[in-house]
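Notes to accompany the following structure.
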Amino acid sequence: MTVSTSARRARVRVTGAASTAVRPVLEAQRRPARVLAAFPAGVYLEVRTEAEPSVIAVITGEATRLPNSVLLAGPLPAVTVGDEASVGDRVIDLGPLSLSVRRWWDPAPPLGRLDPALLDDGLPKDPPGAGLAGNGAVDMLASSCAKGWLLGAVTAAEQLVGLGPGLTPSGDDVLAGLLVTLRHLGVAAGCGRAVWLADWLAATVTFDARTRTTPISATLLHCAARGEASPEVIAVLRGVAGRQPLEPALRRQPLEPALRRQALESALRRLHRLGHTSGADLAQGIAIGVAAVRSLSGAR
C-alpha cells in the first residue's frame, strides 16, 4: 500500500482481490458510481450500468465476503456517502481510495458429482431467527419446488421479492439461498429438473428486481441466479453434500458421517451469524432447495 498526498486530500492506493461475478463491470470502460452505504469494514457502490451486478461491495477482511465483493489488501480509509467514485479498467476510485484489482476469487466453486440420496436432509425448514417463519408464500414455495410445480413456485417467488425490511429483505435472502442450492446441488446430483426450476425462478426474480427491492439485494439476487454466493453459504452446501470444507486438495472427497455432521453444524453456525435475520433466511432457502433436489431426483 502506498499513500500519496495532494493539496486537498491524501490519496490511498491499494490492491485487492475481486469476485469473478463483478469482473465484467470492473474490466469495462470506466463509469461513474455512487456510494450507497459506508461502514468501517465496507462500502457499497452502485455503478451506473445496465449490467448486473451493478452494486459492488468494497470490503476489508472483517466484513462478510458477499459474491459481489472486492477484498482490500489493506485498511479501508474513511469514506462517506456523497464521495465521488468511478469503476472500470480494473480500478475503483472511491473518495480517497484508489483500488487496483490484481487477483480474482470464485464465488461459485463446483461441488463435483454426488449421489442425491446421500444429501443431508436434516436442515430445519423454519430455522430459529428466520424473518418469514410460518409465512404462507414460503410454505407454498417449499411445497411447489418439492413437486416441481413451476406455476406455484413462480407465484410464491413473486410474492417474496422485496418482502421485509433492511438492505437485504428476508424474502430475497430465502430466494437467494434457494437459487444457489438448486443450481449447485442440481448440477452435482445430475438432477435436470432442479436446474430447470432454478433457471425459471432466476428469470422470475431478476426480471424486475431493481424496481422491487433494494439495489444491494437486487444485485445479490442476480448473483444467486448464477449460483454465486458468500463462502458461508457455499460451506453449508459442502456440508450438505458431505464434502471437505476447506482443503483444496480434498474438496471432492467425501467425509465420514460423524465428521460430515460436525462440518455441517459448524457451517450453519457461521451462516446464522450473518446480519440480523439474513443468515437464518438464507438457511431456510437452502433447506427448501435441498428438499427439492432430493424429491425431484427421486432420492429416498
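Quantities reported herein were computed from a predicted structural model and do not represent experimental measurements.
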Query raised in the report: What heavy-atom pair brings A157 and L141 nearest, and what distance separates the two atoms?
Result: N-CD1, 4.3 Å
Report summary line: Shortest non-hydrogen pair, P96 vs D83, comes out as CD-OD2, 4.3 Å
Query raised in the report: Under a single-linkage rule joining Ile, Leu, Val, Met, Phe, Trp and Tyr whose side-chain heavy atoms are separated by less than 4.5 Å, which residues share a cluster with V195?
Result: V187
Query raised in the report: Atom OH in Y44, atom CD1 in I56: separation rounded to 0.5 Å?
Result: 13.0 Å
Query - Test item: side-chain donor near acceptor, T49 and S54, under 3.5 Å - result: no
Query raised in the report: Do you know which two heavy atoms are closest between V25 and P53, and how far apart they sit?
Result: CG2-O, 3.2 Å
**Report entry** Member of N135, V174, T277 meeting the side chain to side chain contact (heavy atoms under 4.5 Å, CB included) criterion with Q284
**Finding:** V174
Expected list for residues 27-39: side-chain donor-acceptor pairs under 3.5 angstrom, two or more places apart:
| residue | atom | partner | partner atom | Å |
| --- | --- | --- | --- | --- |
| E27 | OE2 | R23 | NE | 3.1 |
| E27 | OE2 | R90 | NE | 3.0 |
| E27 | OE2 | R90 | NH2 | 2.7 |
| R30 | NE | G88 | O | 3.2 |
| R30 | NH1 | S86 | OG | 3.3 |
| R30 | NH1 | D93 | OD2 | 3.0 |
| R34 | NE | E46 | OE1 | 2.8 |
| R34 | NH2 | E46 | OE1 | 2.7 |

Query raised in the report: Considering all heavy atoms of both residues, which atom of L132 and which atom of D281 are nearest to each other, and what is their separation?
Result: N-OD1, 4.2 Å
**Report entry** Connected-component partners of W149 among ILVMFWY, side-chain separation under 4.5 Å
**Finding:** M140, L151
Report task. Return the set of residues passing salt bridge (charged side-chain N to carboxylate O under 4.0 Å, His left out) with R269 (not counting sequence neighbours), or none when no residue passes. Result -> none
Query raised in the report: Just how far is it from atom OG1 of T168 to atom CD1 of I216, taken to the nearest 0.5 Å?
Result: 8.5 Å
Requested in this report: Verify the neighbour count for atom CD of E265: are there more than 12 heavy atoms of other residues, nucleotides or ligands below 6.0 Å?
Outcome: yes
**Report entry** Closest non-hydrogen atom pair between A292 and L182, with its separation
**Finding:** CB-CD2, 4.0 Å
Requested in this report: Quick one: which residue pairs count as a side chain to side chain donor-acceptor pair (under 3.5 Å) with a foot in residues 188-205, not counting sequence neighbours?
Outcome: R183-D199
Report task. Answer yes if the side chains of E52 and T219 hold a donor-acceptor pair under 3.5 Å, and no otherwise. Result -> yes
Query - Counterpart residues, salt bridge (charged side-chain N to carboxylate O under 4.0 Å, His left out), relative to D120 (two or more places apart) - result: R261
Query - From L271 atom CG to S266 atom OG, the distance as rounded to the nearest 0.5 Å - result: 11.5 Å
Query raised in the report: Of P77, P75, S98, which meets side chain to side chain contact (heavy atoms under 4.5 Å, CB included) against V12?
Result: P77
